[in-house]
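In what follows, a structure is listed as structure tokens, so that the remarks can point back to it.
This one's a predicted model, so the numbers in the text were calculated from it and none came from an experiment.
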Amino acid sequence: MSSFQTQYGLRLSRELQQMKWDEFKDMLSGLGPDTPLGRMVSIRSEDDPEILELFSPEQKRIRMEWRTRAAKDMSQEDMDNFLETMKQALIQAAGGR
């Protein structure tokens with residue numbers, strides 16, 4: 001995953017077998033918005049209409065594909081919980097609370 005390499009300088013293909021699950025989860029939740037995964041999560045979870053108006057066609061496509069697929073696979077409660085978890089992880093990564 002290029003986000004781990006971007007933020008931590010780790011190649012998961014080499015490190016994952018020795019990494020403990022708790023360590024992986026902590027690192028995943030700590031990924032910042034400047035990583036590829038952080039940007040993707042940000043696009044997928046954005047709900048502010050003013051920001052959505054500024055999205056490029058590619059960003060709109062990514063967001064729509066995610067929402068369409070996720071709506072088919074996930075209950076609304078599960079979706080809300082997932083998005084809140086990712087939001088909190090990104091806030092923490094950015095130094096917020």
Side-chain angles (χ1 to χ4, degrees):
M1 178 179 285
S2 62
S3 295
F4 277 76
Q5 187 166 2
T6 299
Q7 184 156 330
Y8 303 117
L10 295 176
R11 287 189 169 275
L12 282 183
S13 59
R14 294 182 193 158
E15 304 288 336
L16 197 54
Q17 290 182 3
Q18 293 88 10
M19 190 179 293
K20 294 183 180 185
W21 175 244
D22 287 339
E23 182 181 5
F24 174 79
K25 289 189 315 183
D26 289 343
M27 293 176 93
L28 179 62
S29 69
L31 287 174
D34 295 341
T35 64
L37 181 59
R39 287 189 293 275
M40 189 67 66
V41 168
S42 180
I43 290 169
R44 290 175 172 178
S45 62
E46 186 57 63
D47 283 329
D48 185 329
E50 292 178 12
I51 294 175
L52 292 172
E53 284 183 29
L54 302 174
F55 269 17
S56 70
E58 179 67 7
Q59 289 171 312
K60 289 177 184 178
R61 182 192 63 74
I62 290 167
R63 184 174 181 271
M64 183 56 69
E65 284 179 3
W66 168 253
R67 289 181 168 258
T68 300
R69 183 179 63 207
K72 291 178 185 174
D73 297 340
M74 197 180 285
S75 72
Q76 185 62 46
E77 182 180 0
D78 288 343
M79 172 69 82
D80 292 343
N81 290 337
F82 172 77
L83 292 175
E84 183 62 28
T85 299
M86 294 307 293
K87 174 183 161 188
Q88 293 305 319
L90 291 170
I91 288 170
Q92 280 186 319
R97 293 181 184 237

*Going by an N to O cut-off under 4.0 Å, is there a salt bridge joining Arg61 and Glu65?*
yes

*Quick one: do Asp47 and Arg63 make a salt bridge, cutoff under 4.0 Å?*
yes

*Within the distance-only criterion (no hydrogens, no angle test), does the side chain of Thr85 pair as donor or acceptor with the backbone N or O of Asn81 below 3.5 angstrom?*
yes

*Under the 3.5 angstrom rule, does the side chain of Gln7 hit a backbone N or O of Gly30 as a donor-acceptor pair?*
yes

_Glu77, CD: over 12 other non-hydrogen atoms inside 6.0 angstrom_ = no

*Flag if over 12 foreign heavy atoms under 6.0 Å of NZ, Lys87*: no

*Report whether Phe55 and Leu83 are members of the same hydrophobic cluster (ILVMFWY, side-chain heavy atoms less than 4.5 Å apart, transitive linking).*
no

_Here's a test for you: under side chain to side chain contact (heavy atoms under 4.5 Å, CB included), which of Asp48, Leu54, Leu52 qualifies with Glu50?_
Asp48

*asked:* Taking side chain to side chain contact (heavy atoms under 4.5 Å, CB included) as the criterion, tell me which of Leu12, Leu37, Asp34, Leu28 meets it with Ser3.
replied: Leu37

Do the non-hydrogen side-chain atoms of [X] and [Y] ever get within less than 4.5 Å of each other?
X: Glu15; Y: Tyr8; value: no
X: Met86; Y: Arg44; value: no
X: Ser2; Y: Pro36; value: yes
X: Thr35; Y: Phe4; value: no
X: Trp66; Y: Ile43; value: no

*Should Met27 and Met19 be marked as a side chain to side chain contact (heavy atoms under 4.5 Å, CB included) after you check the CA-CA gap, both sets of side-chain angles, and the distance that decides it?*
CA-CA 11 Å; Met27 293 176 93; Met19 190 179 293; 3.9 Å; yes

*Out of curiosity, Ile62 CD1 to Ser56 OG, how far, rounded to the nearest 0.5 Å?*
7.0 Å

